[in-house]
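One structure is given below, encoded as structure tokens.
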Number of protein chains: 2
Amino acid sequence: MQTGSNSRKEQIIESAAKLFREKGFEAASMRDIAASLGIEAASLYSHIKSKDEILETICFSMAGKLLKAIDEVNDIYFNAEEKLGMAVKNHVEIVTGDMDASSVFIREWRRLKKPKLKEFIKLRNKYEEGFTQILVNGENENVFEAPDKKFAVLTILSALNWITEWYDPKGKMTPDEIAEHLTKFILTGLRVKTLHS
Amino acid sequence: MQTGSNSRKEQIIESAAKLFREKGFEAASMRDIAASLGIEAASLYSHIKSKDEILETICFSMAGKLLKAIDEVNDIYFNAEEKLGMAVKNHVEIVTGDMDASSVFIREWRRLKKPKLKEFIKLRNKYEEGFTQILVNGENENVFEAPDKKFAVLTILSALNWITEWYDPKGKMTPDEIAEHLTKFILTGLRVKTLHS
DNA sequence: TAATTTGCCTAACAAACGTTAGGATAAATA
DNA sequence: TATTTATCCTAACGTTTGTTAGGCAAATTA
């Protein structure tokens, strides 16, 4: 169990992610996952410890990718607007890059068992803090206005997370375009330039 | 089964909504729902036809409330900015008014069985169209700028739906304040008034 | 060649699931 | 008072669930 068997384990997790996304974590059975790989349910246990372990792997893998990305953005010394743009772009790329895992990450993390659940929530908060940091920067640079930072971050992340609900890899919008539109939307909103009344 | 028994049925649906929210539709069993009411699982079937029926009732009840609200907004003859503000306010009020049902409505609708699922998606699309209509009005009035209307609506709704993930009735933010902040955020975004560079 | 590891199998388990059948009790209605 | 209705019960059903035990064949390693 060093390098070769990892490959099969990754296949299992990939198939599981697809099914967890389609049917939900509880509704997708070990027999379903096994069937999608053409093997018996019991055979899965040569590679994984439990169904819960699969969910944990998916959720923490995604969390790791996102955290790494936001840390990198915050470490590089750019202005706040650029940082926000990069953070959005990274998030969109990661999410659209693996829609199955992302959907599970966003919808099914609640089904994690207690000790892992707490750990996961900690990572989530860390990610949110990464965005808060950018908003603080923006205020110091006098380019952002966000009295309630927690609220602003939640609203921004809602748009980012909601992508898993509608993004279609075969659709006409590329991840880059989504990121661009989203950044523009977050920065300027709907109203046209001129203020009136 | 005319008016009196409805009361008990509503109690069941209310208890079920709470559990569906906490544990998810599949993880919350009929025995769990019954236990939370102090009765046996089999007794539930004097009042409801099936577990699926409970989910359907919750999802379609919420959909009905939201659709009614957006239709009212679009029927009343105001300008687009006012309409958007009212639509947001109504949505926030409905969602925060019943967090259990709302969470189920947003997270668990996927578990609806096939004929009902299609019906539900139709209602969802109708609601989205209600918002699109407002954006179209705004463009005609020359106060909104949204080249990709579908994208804009999805982004707005993401913020509205995400409320179920963080709103705390005991928190310091009232539904009205949330609606106000959200409307402002959608209309003007983060950037401060003056454009620079 | 011999020994070990990998990847799958069949068989089975105990538990939990949604749901039905049939009956009891108490309240509402006639 | 007689009858109906509402609400709950116990017992049981057939299925599906995640998981374990034990074994077998092929590939890998020594």
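Throughout, protein chains are lettered first and strands after them, A, B, ... in sequence-line order, and every chain is numbered starting at 1.
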Checklist entry - Do the two ring centres, one from B:F60 and one from B:F105, sit under 6.0 Å apart? => result no
Item to check | Partner set under side-chain contact (heavy atoms from CB on, under 4.5 Å) for A:A35, not counting sequence neighbours | outcome: none
Item to check | B:K149 and B:E139 ion-paired at < 4.0 Å | outcome: yes
Item to check | N-O pairing of B:K150 and B:E129 below 4.0 Å | outcome: no
Return the nearest nucleotide to the side chain of [X]; candidates are [options].
X	options	answer
A:K51	C:dT10, D:dT19, C:dC8	D:dT19
B:A42	C:dC9, D:dT19, C:dA21	C:dA21
A:S43	C:dC8, D:dT19, C:dT19	C:dC8

Checklist outcome for this item: Correct closest heavy-atom pair for A:D32 and A:A27 would be OD2-O, 3.7 Å
Item to check | Minimal non-hydrogen separation, A:T164 against A:R107, with atom names | outcome: O-NH2, 3.9 Å
Item to check | hydrophobic_cluster_shared for B:V136 and B:L154, side chain cutoff 4.5 Å | outcome: no
Next on the checklist: Under 4.0 Å from OP1 or OP2 of C:dC8: is there any side-chain N or O of A:S46 that close?
Outcome noted: no
Next on the checklist: It should be established whether A:H47 places a side-chain nitrogen or oxygen under 4.0 Å from OP1 or OP2 of nucleotide C:dT6.
Outcome noted: no
Item to check | Of residues 19-30 of chain A, the positions that come close to DNA chain D - non-hydrogen atoms, cut-off under 4.0 Å | outcome: A:A28, A:S29, A:M30
Checklist entry - Is the count of non-hydrogen atoms from other residues, nucleotides or ligands lying under 6.0 Å from A:E14 atom CD greater than 12? => result no
Next on the checklist: Are there over 12 heavy-atom neighbours, none belonging to A:K83, within less than 6.0 Å of that residue's NZ?
Outcome noted: yes
Checklist entry - Which side chain to side chain donor-acceptor pair (under 3.5 Å) pairs, counting each pair once, include a residue from residues 51-68 of chain B, with sequence neighbours left out? => result B:K9-B:E53
Next on the checklist: Within the structure provided, determine whether B:Y167 and B:I178 are in side-chain contact (heavy-atom separation under 4.5 Å).
Outcome noted: yes
Item to check | Beyond-backbone contact of B:F20 with B:I33, side-chain heavy atoms, under 4.5 angstrom | outcome: yes
Could you tell me how far apart [X] ([atom1]) and [N] ([atom2]) are, to the nearest whole angstrom?
X	N	atom1	atom2	result
B:L37	D:dC9	CG	P	10 Å
B:L44	C:dC17	CG	C1'	14 Å
B:Y45	D:dT10	OH	C1'	16 Å
A:E40	D:dA21	CD	P	19 Å
B:I48	D:dA6	CD1	P	16 Å
A:D32	D:dT17	CG	C1'	11 Å
A:R8	C:dG7	CZ	P	8 Å
A:I33	D:dT16	CD1	P	17 Å

Between protein and nucleotides 24-29 of chain C, what N or O pairs are separated by less than 3.5 Å?
none

Checklist entry - Between A:I94, A:V95, A:N90, A:V88, which is the residue that forms a side chain to side chain contact (heavy atoms under 4.5 Å, CB included) with A:V92? => result A:V88
Please list, for nucleotides 24-27 of chain D, all pairs of protein and nucleotide N/O atoms separated by less than 3.5 Å.
none

Could you write out each protein N or O paired with an N or O of nucleotides 12-14 of chain C at a distance under 3.5 Å?
none

Item to check | Rounded distance [0.5 Å steps], CD1 in B:I156 versus NE2 in B:H91 | outcome: 11.5 Å
